[in-house]
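The structure appears right after this line, and notes come after that.
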There are 2 protein chains.
Amino acid sequence: MVELPIRLNDKPHEALMSVWWTSLMLKKISTKIFQPELASEAQFNILVLLKEAHKPLTQNDLSRKLLVDKSNITGLLDRLEKQGLLVRTNVEGDRRSYHIELTREGRRVVNKLDKRYTSAVESVMNELSAEEHEALISLTKKVRSGIIKQLEE
Amino acid sequence: MVELPIRLNDKPHEALMSVWWTSLMLKKISTKIFQPELASEAQFNILVLLKEAHKPLTQNDLSRKLLVDKSNITGLLDRLEKQGLLVRTNVEGDRRSYHIELTREGRRVVNKLDKRYTSAVESVMNELSAEEHEALISLTKKVRSGIIKQLEE
DNA sequence: TATTGTTATACTCTATAACTATA
DNA sequence: TATAGTTATAGAGTATAACAATA
């Protein structure tokens, strides 16, 4: 799996597939890391977003940031709320919306997973130098801006 | 979404998350590209693997190459076979196994999607130069080798 | 009229374990 | 005993459309 499972003749395609397969593998280890506290990466993404946000987020905010439809955000939050990791609170001035807030337990869990996750990340990313980290950031950012254009077409 | 939705203080983590979010976006466009012929990226991965393979593949081969459990390969192939895109044929000398082969229709579909996919890839990857393609390939390969080590721990 | 969130529906994928047939 | 594939099950994510309450 370090090598791509297929051979490609053109480099742009190979580069994209290389990103793709890397993320597929990332997904495999992430599943291990998040268990047993969380069921999925989607749940982790939500908790991290809530943790890092400097202001309260609505379900709509989460939907836009995570590219997940609002109808599915409802279900994701239901499961996390049921586990006691977050709560919906009323928004003053807009009775249609909720602010999503981590509970104390939610904060504990996300911090714990973040540690576990960060240590796995360190071990993985030790393969690369500081310059290579920078390069990878800048290259994938370019890929994303290509994707944005593609999405707009 | 060109910018990561969260700010990170350390570069290795940022680099990994950048790969992660890029793949999340890739997944979004891939869903568009595969429809209506295929239901998922998992199905496309199987067809591409079959197309590129230079020898017949068994379900076990697919399972190992795609990191998908063999029990789930069964279901994936069932759906693709039902659509007439592939067939299971007996393997001479091992009555436990099947060789999975694309049908004429399967070949037609994978070629069609591959074209659609390739043209989207080109448009996305035009953002990068030839040298950058090479760099991205080599960097993500390093990340994968880090992941392999992590998986072995 | 537009927006926020919910409900309903119907697939698809995934993880796990127990099972059959064959090697 | 080990291996290839199937079956069964339950949980989780996704896409889509219709809906209620509020703005």
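Convention: sequence-line order gives letters A, B, ...; per-chain numbering from 1.
- Atom CG of N60(B) is separated from atom P of dT3(D) by 10 Å (rounded to the nearest Å).
- Protein atom CZ of F34(B) is 15 Å distant from nucleotide atom C1' of dT14(D), rounded to whole Å.
- Summary of the strand contacts: R95(A) and Y98(B) both lie near DNA chain D, and taking for each the nucleotide with the nearest heavy atom, the more 5' one is attributed to Y98(B).
- Taking the side-chain hydrogen bond (donor to acceptor under 3.5 Å, both in side chains) definition, one finds that S63(B) meets it with nothing, sequence neighbours left out.
- Across the protein-nucleic acid pair, L62(B) atom CG and dA4(D) atom P stand 13 Å apart, rounded to whole Å.
- Residue pairs meeting the ring pair (Phe, Tyr, Trp, His ring centres under 6.0 Å) criterion with at least one member in residues 78-108 of chain A: none, sequence neighbours excluded.
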Problem - Worked verdict on T31(A) versus E41(A) for side chain to side chain contact (heavy atoms under 4.5 Å, CB included) - result: CA-CA 7 Å; T31(A) 304; E41(A) 164 243 322; over 6 Å; no
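- Partners of E131(A) according to the side-chain hydrogen bond (donor to acceptor under 3.5 Å, both in side chains) rule, which considers only residues two or more places apart in sequence or in another chain, are S129(A).
- A salt bridge links R88(B) to D78(B): one of the charged nitrogens lies within less than 4.0 Å of a carboxylate oxygen.
- One atom, CG of L67(A), and another, P of dT14(D), lie 10 Å apart when rounded to the nearest Å.
- On the nucleic acid side, DNA chain C has its first and last nucleotide under 4.0 Å of a heavy atom of chain A at dT3(C) to dT7(C), going 5' to 3'.
- At a non-hydrogen distance threshold of 4.0 Å, K70(B), S71(B), T74(B), R88(B) from residues 70-90 of chain B come into contact with DNA chain D.
- Residue pairs meeting the ring pair (Phe, Tyr, Trp, His ring centres under 6.0 Å) criterion with at least one member in residues 25-51 of chain B, sequence neighbours excluded: F34(B)-F44(B), F44(B)-Y117(B).
- D69(B) comes within contact range of at least one nucleobase, with a heavy-atom separation under 4.0 Å.
- Note on E37(A) versus R116(A): salt bridge recorded, some NZ/NE/NH1/NH2 to OD/OE distance being below 4.0 Å.
- Where Q35(A) and H99(A) each meet DNA chain C at their nearest nucleotide, the meeting point lying more 5' is that of H99(A).
- For the residue pair A15(B) and H133(A), the shortest heavy atom distance occurs at CB-O, 3.9 Å.
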